[in-house]
Amino acid sequence: MADKKPINQDPDGDLVLQERIKTAKPPLYRVLMLNDDYTPMEFVVMVLQRFFGHNHESAQRIMLHVHQRGVGVCGVFTYEIAETKAAQVMNFARQNEHPLQLQLEKE
Ligand code: TYC
């Protein structure tokens, strides 16, 4: 492992192996989808399948949740992936002249 420090010294100066390796978990971000009055429901369902890997049933459930509650979670990712997916979806929506908006929220 690249960050493993195999060799250390105890108070007597004897060499000891480090027993526990600390691994930092990367911060995670929710990609939130916001409701609007114009984006067609089928378009939202298609986006959730294409960009977030949901099956049709899961995509339909998330879309209806957003429609009824105003906001919902598309998925949870590390920052770069979350940011890229949100940008890709908003570009795709804009190309299709829909006002769909997404936001990131730190977990
Ligand atoms: N409210 C939209 C409609 O009635 C559907 C919709 C759902 C739009 C979810 C955006 O994130 C959204 N056509």
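We count ligands from 1, going down the list as the structure has it; atoms in each ligand are counted the same way.
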Could you pull out all donor-acceptor pairs under 3.5 Å where a side-chain atom in residues 69-84 meets a protein atom, sequence neighbours excluded?
{"residue": "Tyr79", "atom": "OH", "partner": "Glu83", "partner atom": "OE1", "Å": "3.2"}
{"residue": "Thr84", "atom": "OG1", "partner": "Glu80", "partner atom": "O", "Å": "2.7"}

Original post:
Should side-chain heavy atoms under 4.5 Å link Ile, Leu, Val, Met, Phe, Trp and Tyr, which residues sit in the same cluster as Tyr38?
Top reply: none
Mind listing the side-chain donor-acceptor pairs of residues 99-107 below 3.5 Å, one per line with the distance, residues two or more places apart or on another chain?
{"residue": "Glu105", "atom": "OE1", "partner": "Arg30", "partner atom": "NE", "Å": "2.7"}
{"residue": "Glu105", "atom": "OE1", "partner": "Arg30", "partner atom": "NH2", "Å": "3.1"}
{"residue": "Glu107", "atom": "OE2", "partner": "Arg30", "partner atom": "NH1", "Å": "3.4"}

Original post:
Is any side-chain heavy atom of Phe92 less than 4.5 Å from a side-chain heavy atom of Arg50?
Top reply: yes
Original post:
Does the side chain of Asp36 come under 3.5 Å of the side chain of Thr39 through a donor N or O and an acceptor N or O?
Top reply: yes
**OP:** For residues Phe51 and Lys85, report the shortest heavy-atom separation together with the two atoms involved.
**Re:** O-NZ, 2.9 Å
May I have a table of the N/O to N/O pairs between ligand 1 and the protein that fall below 3.5 Å, each row giving the two atom names and the distance to 0.1 Å?
{"residue": "ligand 1", "atom": "1 (N)", "partner": "Asn35", "partner atom": "OD1", "Å": "2.8"}
{"residue": "ligand 1", "atom": "1 (N)", "partner": "Asp36", "partner atom": "O", "Å": "2.7"}
{"residue": "ligand 1", "atom": "1 (N)", "partner": "His67", "partner atom": "ND1", "Å": "2.9"}
{"residue": "ligand 1", "atom": "4 (O)", "partner": "His67", "partner atom": "ND1", "Å": "3.4"}
{"residue": "ligand 1", "atom": "11 (O)", "partner": "Leu34", "partner atom": "O", "Å": "2.8"}
{"residue": "ligand 1", "atom": "13 (N)", "partner": "Thr39", "partner atom": "O", "Å": "2.9"}

